[in-house]
Amino acid sequence: MADVVVDTKGLACPMPIVKAKKALDTLQPGQTMEVLSTDKGSLHDFTAWVKQSKNELLSHELENGVYKFLVKKL
């Protein structure tokens with residue numbers, strides 16, 4: 001279970017990343033965040049953003065048109 005869930009369904013790039021960054025900034029190292037997105041480009045966007053931000057993408061999946069990303073703050 002994630003420490004925080006960020007629902008960005010229906011939002012287009014760059015808003016899912018913007019909202020995820022704001023939420024991640026409130027977390028302590030070791031805590032996790034789940035991001036929900038319907039943006040088709042979000043898989044590429046989140047993979048690149050997590051790598052650039054030096055955090056860890058623990059998992060990602062697509063379920064019923066919703067991308068779910070689990071990110072751990074390092």
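When reading the values below, keep in mind they use all heavy atoms of this one structure, side chains included, and skip hydrogens, waters and symmetry mates. Predicted, not measured: the structure shown is a model, and the values here were computed from it.
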Working to the nearest 0.5 Å, report the span between NZ of K40 and CG of D45.
13.5 Å

With distance as the sole criterion, is a donor-acceptor pair present between the side chains of N55 and S53 under 3.5 Å?
yes

Pairs under 3.5 angstrom only: tabulate donor-acceptor contacts from the side chains of residues 61-74 to other protein residues two or more places apart or in another chain.
{"from": "K73", "atom 1": "NZ", "to": "L24", "atom 2": "O", "distance (Å)": "3.2"}
{"from": "K73", "atom 1": "NZ", "to": "L27", "atom 2": "O", "distance (Å)": "2.8"}

Which atoms form the tightest heavy-atom contact between K21 and W49, and what is the distance?
CA-CZ2, 3.8 Å

Please check: side-chain N/O of D3 versus main-chain N/O of Q31, any donor-acceptor pairing under 3.5 Å?
no

Show me the side-chain donor-acceptor pairs of residues 6-20 shorter than 3.5 Å, one per line, residues at least two apart or across chains.
{"from": "D7", "atom 1": "OD1", "to": "K9", "atom 2": "N", "distance (Å)": "3.0"}
{"from": "D7", "atom 1": "OD1", "to": "K9", "atom 2": "NZ", "distance (Å)": "3.4"}
{"from": "D7", "atom 1": "OD2", "to": "K9", "atom 2": "NZ", "distance (Å)": "3.0"}
{"from": "T8", "atom 1": "OG1", "to": "L36", "atom 2": "O", "distance (Å)": "2.7"}

Measuring only between side-chain heavy atoms, which start at C-beta, is L57 closer than 4.5 Å to F46?
no

